[in-house]
Structures are given as C-alpha cells and as structure tokens.
Asker: 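Before I ask anything, here is the structure I am working with.
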Amino acid sequence: MPLLNRHQCIPWDAGGASEAKIAEVTAVVTSDLFEEREKAAIEYAEAITFTDRKVTDALFQRVRSHFSEAQVVELTAAVALENFRSKFNVALGIEAQGFCVLKAHG
C-alpha cells in the first residue's frame, strides 16, 4: 500500500498496515489495532534492538507460538539488518534524512 501520511513519510510499502496502525506502533502493547502475532513480533524486535531489554524465554515462546522456526529466523535477520544499518550510518555520520518522523506516544 503506498503511504504518504501526516508523519511526512515518503511513499513506501507498509505491508498492508493502515495509517492508523502506523500511528499507533509506539503504543503497540496497549493498542487494540494489532493482532497478538503483530504485538509479539514488534515486542521481539524492540527487545532485540533496545540495549536495556532482553529477549526473555517467555517472549521467545510467545513469538514461536505465532511464527514457524523459519519465520523467526527471518524476523530476527530483518531486525538485525536494520540495527546494523542504524549503527553503520551513525558511525559514518550519516544522519536521518527526515523521510519518516513518528511522534512518540506518552
């Protein structure tokens, strides 16, 4: 689905996610817009990404209850790639281009 929304994102494929879902992604845990498998995947990605979090056995089991082994490997690789890109860009002084600015809930 091409997306050009109020967050000043350039058009991209959001995998079928609605603008409402994209706007709610920072509140995924409490949002009613996300299915349990989506919540598990996002929480897993955040646990991989944020240094103050950890992928616990309980979280991993939640993820595995929604995704096959191959899907978990693919999800993990996708998250790791994005984390790599963010570290790579920072190390080289490549700043955000302002393509997608999301407002934090809170």
Side-chain angles (χ1 to χ4, degrees):
M1 168 174 106
L3 173 69
L4 190 58
N5 68 27
R6 65 183 172 278
H7 301 295
Q8 295 128 13
C9 293
I10 61 169
W12 61 288
D13 182 357
S18 67
E19 287 191 43
K21 260 189 177 176
I22 293 167
E24 282 282 307
V25 77
T26 58
V28 68
V29 174
T30 58
S31 176
D32 293 331
L33 295 177
F34 295 88
E35 297 174 9
E36 287 305 312
R37 73 183 265 128
E38 293 170 316
K39 289 181 179 188
I42 293 170
E43 289 177 52
Y44 180 66
E46 289 179 345
I48 293 169
T49 302
F50 295 112
T51 57
D52 64 336
R53 299 186 195 174
K54 181 181 176 187
V55 176
T56 63
D57 291 342
L59 175 56
F60 190 77
Q61 288 307 314
R62 264 185 61 218
V63 171
R64 280 294 281 132
S65 74
H66 296 287
F67 300 98
S68 70
E69 184 175 331
Q71 289 171 319
V72 172
V73 170
E74 186 175 345
L75 175 59
T76 305
V79 172
L81 176 61
E82 292 307 318
N83 285 321
F84 165 80
R85 288 180 189 178
S86 73
K87 297 297 184 187
F88 187 88
N89 290 347
V90 168
L92 295 177
I94 300 169
E95 296 186 18
Q97 303 300 304
F99 294 131
C100 191
V101 180
L102 298 175
K103 295 178 184 173
H105 278 321

Asker: Quick check: does any side chain N or O of Lys39 sit under 3.5 Å from a backbone N or O of Ser31, one acting as donor and the other as acceptor?
Answerer: yes
Asker: Partners of Arg37 by salt bridge (charged side-chain N to carboxylate O under 4.0 Å, His left out), sequence neighbours excluded?
Answerer: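 Listed in chain order: nothing, the list is empty.
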Asker: Rounded to the nearest 0.5 Å, how far apart are CZ of Arg85 and CD1 of Ile94?
Answerer: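 It is 12.0 Å, given to the nearest 0.5 Å.
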Asker: Just to verify, what does Ser68 make a side chain to side chain contact (heavy atoms under 4.5 Å, CB included) with, not counting sequence neighbours?
Answerer: Ala70, Gln71
Asker: Quick one: side-chain hydrogen bond (donor to acceptor under 3.5 Å, both in side chains) partners of Arg64, sequence neighbours excluded?
Answerer: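 If we apply the side-chain hydrogen bond (donor to acceptor under 3.5 Å, both in side chains) test to Arg64, skipping adjacent residues, there are no hits.
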Asker: About how many Å separate CD1 of Ile42 and OG1 of Thr49, when rounded to the nearest 0.5 Å?
Answerer: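 One gets 11.5 Å once the value is rounded to the nearest 0.5 Å.
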Asker: Please go through Val63's hydrophobic cluster and name the other residues, only I, L, V, M, F, W, Y counting, with side-chain heavy atoms under 4.5 Å joining them.
Answerer: Tyr44, Ile48, Val55, Leu59, Phe60, Phe67, Val72, Leu75, Val79
Asker: Sub-3.5 Å donor-acceptor pair from the side chain of Ser65 to the main-chain atoms of Arg62, do we have one?
Answerer: yes
Asker: What's the separation between atom NE2 in His66 and atom CD in Glu36, rounded to the nearest 0.5 Å?
Answerer: 6.0 Å
Asker: Determine whether more than 12 heavy atoms belonging to other residues, nucleotides or ligands lie under 6.0 Å from atom CG of Asp52.
Answerer: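 Enclosed.
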Asker: Looking at residues at least two apart in the chain, or sitting in another chain, which of them share a side-chain hydrogen bond (donor to acceptor under 3.5 Å, both in side chains) with Asn89?
Answerer: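 Asn89 satisfies side-chain hydrogen bond (donor to acceptor under 3.5 Å, both in side chains) with no other residue.
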Asker: Quick one: pull up CG in Asp57 and CD in Gln61 and give me the separation to the nearest 0.5 Å.
Answerer: 7.0 Å
Asker: Does one hydrophobic cluster hold both Phe34 and Val29, with members joined at side-chain heavy-atom distances below 4.5 Å?
Answerer: yes
Asker: Please determine if Glu24 and Lys21 form a salt bridge, counting it only when a charged side-chain N lies under 4.0 Å from a carboxylate O.
Answerer: no
Asker: Return the set of residues passing salt bridge (charged side-chain N to carboxylate O under 4.0 Å, His left out) with Glu74 (not counting sequence neighbours), or none when no residue passes.
Answerer: none
